[in-house]
Asks: 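My structure is below; once you've seen it, I'll send some questions.
Naming: A, B, ... by sequence-line order, numbering from 1 per chain. Please read all numbers here as calculations on a predicted model, not as lab measurements.
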Amino acid sequence: MPPLPLPGFRDFYPDEFSLRTHLFGTWRAVATRYGFQEYDGPPLEPLELYTAKSGEEIVTQLYNFTDKGGREVALRPEMTPTLARMVAARANGLRKPIRWFSIPQLYRYERQQRGRLREHFQLNCDLIGEPGPIGDAEIIALAVDAVRAFGLGPSDFRVRVSDRRVLSELLAGLGLDRAQVAVAYQVLDKFGRAPREVSVGRLRDAAVGPDAIGRLLTLSGVRTWDAFREAAAGLGDAVGAAEPLRRTLAALEAMGLAEFVDLDLTIVRGLAYYTGTVFELFDARGELRAICGGGRYDNLLQALGGVDLPALGFGLGDVVLTELLRDRGLVPGDQSAIDVFLAGIGEEDASEVLALAHELRDAGLRVEYALSPQPLGKQLRLADARNARLAVVLGPDERARGELVVKDLAAKTQSAVRRDAVGAWLLEALRG
RNA sequence: GUGGUUGUAGCUCAAUCGGUUAGAGCGCCGGACUGUGGCUCCGGAGGUUGCGGGUUCGAUCCCCGUCAGCCACCCCA
């Protein structure tokens with residue numbers, strides 16, 4: 001037995017590659033619809049690109065090592081630092097707002113589970129140079145559309161939106177100190193998954209008072225703007241801090257996407273650099289891990305490249321999305337079927353098959369033929385197995401009349417076509 | 001990284017209490033079928049039962065280790 005792929009890494013056989021092509025193609029179509037341009041960077045980066053600003057969470061899971069030149073390097077775990085560097089380096093020459101997307105393969109060193117490998121692909125879309133809340137709505141709408149485009153609707157997935165500015169104002173208003181705020185973030189993040197007693201217990205252990213715990217429980221259940229205003233009343237200037245969030249939600253409603261969107265203050269996000277809006281996409285049944293996550297990181301470009309530009313973006317991974325598509329029966333069949341299969345009858349047809357095959361391929365058709373002499377029945381079985389739309393039979397009888405036979409394999413019909421007109425005939429037949 | 005659980009053909013699975021040569025379906029290859037396809041029939045290839053060790057007259061089965069998958073933690077691109 002040859003060695004298997006490393007744990008958490010995937011082989012893409014043609015079926016799986018076909019799906020990957022479908023994902024990437026759909027993502028590209030949606031992103032370019034929003035005026036986004038594609039870019040890429042190196043898969044291997046200096047370790048310090050991530051140790052600097054991403055926070056401990058991601059650093060402990062880095063796939064890193066020392067290269068032969070003694071450099072500390074890491075396979076990229078996320079795209080944002082690379083993007084920030086690239087933009088910062090040319091910030092003065094780029095027209096704002098910058099709308100860029102990429103589909104990088106990302107890596108992390110961690111024990112794998114369902115929906116979580118050591119390698120995955122991710123659609124990354126970022127909007128740089130726009131501080132206003134319509135930019136946030138634009139990015140969230142793009143994330144929603146990048147999932148909607150596969151045929152998923154509001155009963156399949158939801159986007160939950162929160163805002164770090166609001167959360168910090170709320171927690172400050174509750175009188176929590178720095179350490180208690182950190183605990184509160186963790187508890188909020190787990191609220192949907194952990195039993196309520198566990199959450200309350202952790203807050204109690206951090207010496208958070210019963211009143212504050214009660215307010216947090218109420219806030220965690222808030223899903224609408226009106227409920228938020230009521231629950232946040234009297235807690236610092238939380239309602240004022242939520243003005244951008246309110247406008248973002250209003251913009252999403254104006255776009256007609258309200259049915260996909262929930263306000264949800266338990267969305268925290270692990271990455272340390274988020275400064276404002278944060279959001280995640282989940283399957284509506286809550287069975288899978290998050291499909292997509294993102295938010296605003298207005299200080300990252302300053303910290304990483306010394307350029308003061310506001311920014312926000314998201315990452316949408318292929319693994320969980322694929323699970324959801326399979327679950328909903330939305331994975332299309334293999335797209336790599338051929339157009340025409342050529343079948344020769346006897347040895348004397350072989351050179352004519354080669355000539356026609358080349359002629360049709362030059363015309364842009366996808367063509368296959370049997371590479372060694374075979375009975376006609378067997379050649380047609382191969383044509384079926386390849387999902388060919390049409391088959392062409394070349395034999396002595398037809399050749400004598402300057403014709404050949406074209407078969408529509410699905411319709412089970414066939415017709416005689418003049419040899420010198422077959423190219424145009426096939427192109428026409430395939431168009432329908 | 002911690003704990004639990006599972007590993008038999010390319011895939012899905014079977015194999016009596018520990019007992020002779022580890023089987024089936026699908027898939028793959030060939031034939032029936034040298035001018036007409038998805039069906040049918042026949043045949044074939046394909047296994048170090050994840051790997052290593054132990055117990056036993058004898059291990060797919062019991063025990064230990066290890067690797068891998070899955071699940072739960074940790075954490076969350």
Asks: Hunt down the Watson-Crick or G-U wobble partner of B:rG43, both distances under 3.5 Å, from any strand shown, or write none.
Replies: B:rC29
Asks: Can you tell me how far P of B:rC67 sits from CZ of A:Phe9, to the nearest Å?
Replies: 18 Å
Asks: Can you measure A:Leu117 atom CG to B:rA68 atom P for me and round it to whole angstrom units?
Replies: 15 Å
Asks: Please state how far atom CZ in A:Arg269 lies from atom C1' in B:rC75, giving the value in whole angstrom units.
Replies: 13 Å
Asks: So what's B:rA9 paired with, Watson-Crick or G-U wobble, going by both distances under 3.5 Å?
Replies: none
Asks: Less than 4.0 Å between a side-chain N and a carboxylate O, is that true for A:Arg381 and A:Asp384?
Replies: no
Asks: For a quick check, with a 4.0 angstrom heavy-atom cut-off, what is the B/S/- contact string for nucleotides 1-13 of chain B, read 5' to 3'?
Replies: BBB----------
Asks: If I pick the P atom on B:rU60 and the same atom on B:rU48, what distance separates them, to the nearest angstrom?
Replies: 13 Å
Asks: Contact class for A:Gly115 vs. all strands (heavy atom < 4.0 Å): base, sugar-phosphate, or nothing?
Replies: base
Asks: Side-chain N or O of A:Lys190 less than 4.0 angstrom from OP1 or OP2 on B:rC75?
Replies: yes
Asks: Any Lys/Arg nitrogen of A:Asp40 or A:Arg76 sitting under 4.0 Å from an Asp/Glu carboxylate oxygen of the other?
Replies: yes
Asks: Who is the Watson-Crick or G-U wobble partner of B:rU34, with both distances under 3.5 Å?
Replies: none
Asks: Taking the same atom, C1', in B:rC64 and in B:rG1, what whole-Å distance lies between them?
Replies: 23 Å
Asks: B:rU55 pairs with which nucleotide, Watson-Crick or G-U wobble, both distances below 3.5 Å?
Replies: none
Asks: Is any side-chain N of the basic residue among A:Arg116 and A:Glu110 closer than 4.0 Å to the acidic one's carboxylate O?
Replies: yes
Asks: In whole angstrom, give me the gap between the C1' atoms of B:rU8 and B:rG46.
Replies: 14 Å
Asks: Using the P atom on both, measure B:rC70 against B:rA15 and round to a whole Å.
Replies: 25 Å
Asks: Partner lookup for B:rU49, please. Criteria are Watson-Crick or G-U wobble with both distances under 3.5 angstrom; report none if nothing qualifies.
Replies: none
Asks: Does the side chain of A:Leu252 reach to within under 4.5 Å of the side chain of A:Phe260, using non-hydrogen atoms?
Replies: no
Asks: In residues 131-144 of chain A, what donor-acceptor pairs under 3.5 Å come from side-chain atoms, sequence neighbours left out?
Replies:
| unit_1 | atom_1 | unit_2 | atom_2 | d |
| --- | --- | --- | --- | --- |
| A:Asp136 | OD1 | A:Arg296 | NE | 3.3 |
| A:Asp136 | OD1 | A:Arg296 | NH2 | 2.8 |
| A:Asp136 | OD2 | A:Thr277 | OG1 | 2.6 |
| A:Asp136 | OD2 | A:Arg296 | NE | 3.2 |
| A:Glu138 | OE2 | A:Arg99 | NH1 | 2.7 |
| A:Glu138 | OE2 | A:Arg99 | NH2 | 3.2 |

Asks: May I ask which nucleotide in the shown strands pairs with B:rU16, Watson-Crick or G-U wobble, both distances under 3.5 Å?
Replies: none
Asks: With rounding to the closest Å, how many angstrom separate the P atoms on B:rA22 and B:rC51?
Replies: 15 Å
Asks: What's A:Leu409 touching, base or sugar-phosphate or nothing? Going by heavy atoms closer than 4.0 Å.
Replies: base
Asks: If I take atom CG in residue A:Leu188 and atom P in nucleotide B:rC75, what distance separates them, rounded to the nearest angstrom?
Replies: 15 Å
Asks: Looking at B:rG1, which nucleotide sits across from it as a Watson-Crick or G-U wobble partner, both distances under 3.5 angstrom, or is there none?
Replies: B:rC73
Asks: Can you work out whether A:Val320 or A:Arg114 has the more 5'-proximal nearest nucleotide on RNA chain B?
Replies: A:Arg114
Asks: Using the P atom in both, what is the distance from B:rC11 to B:rC74, to the nearest Å?
Replies: 34 Å
Asks: Contact class for A:Arg108 (heavy atom, under 4.0 Å): base, sugar-phosphate, or nothing?
Replies: base
Asks: Would you call A:Arg431-A:Glu428 a salt bridge at under 4.0 Å N-O?
Replies: yes
Asks: Produce a footprint string for nucleotides 26-36 of chain B: one letter per nucleotide, 5' end first; B if the base is under 4.0 Å from any protein heavy atom, S if only the sugar-phosphate is, - if neither.
Replies: ----SS--SBB
Asks: Do the ring planes of A:Phe12 and A:Phe121 sit parallel (below 30°), tilted (30 to 60°) or perpendicular (above 60°)?
Replies: perpendicular
Asks: Any base atoms under 4.0 Å from A:Ala410, or only sugar-phosphate, or nothing? Heavy atoms, all strands.
Replies: base
Asks: Tell me whether A:Glu16 is salt-bridged to A:Arg10, with the criterion being a basic N under 4.0 Å from an acidic carboxylate O.
Replies: no
Asks: Should the pair A:Arg285-A:Asp283 be classified as a salt bridge under the 4.0 Å nitrogen-to-oxygen rule?
Replies: no
Asks: One thing to verify: whether A:Arg389 and A:Asp408 come together as a salt bridge, which I'm taking to mean a side-chain N less than 4.0 angstrom from a carboxylate O.
Replies: no
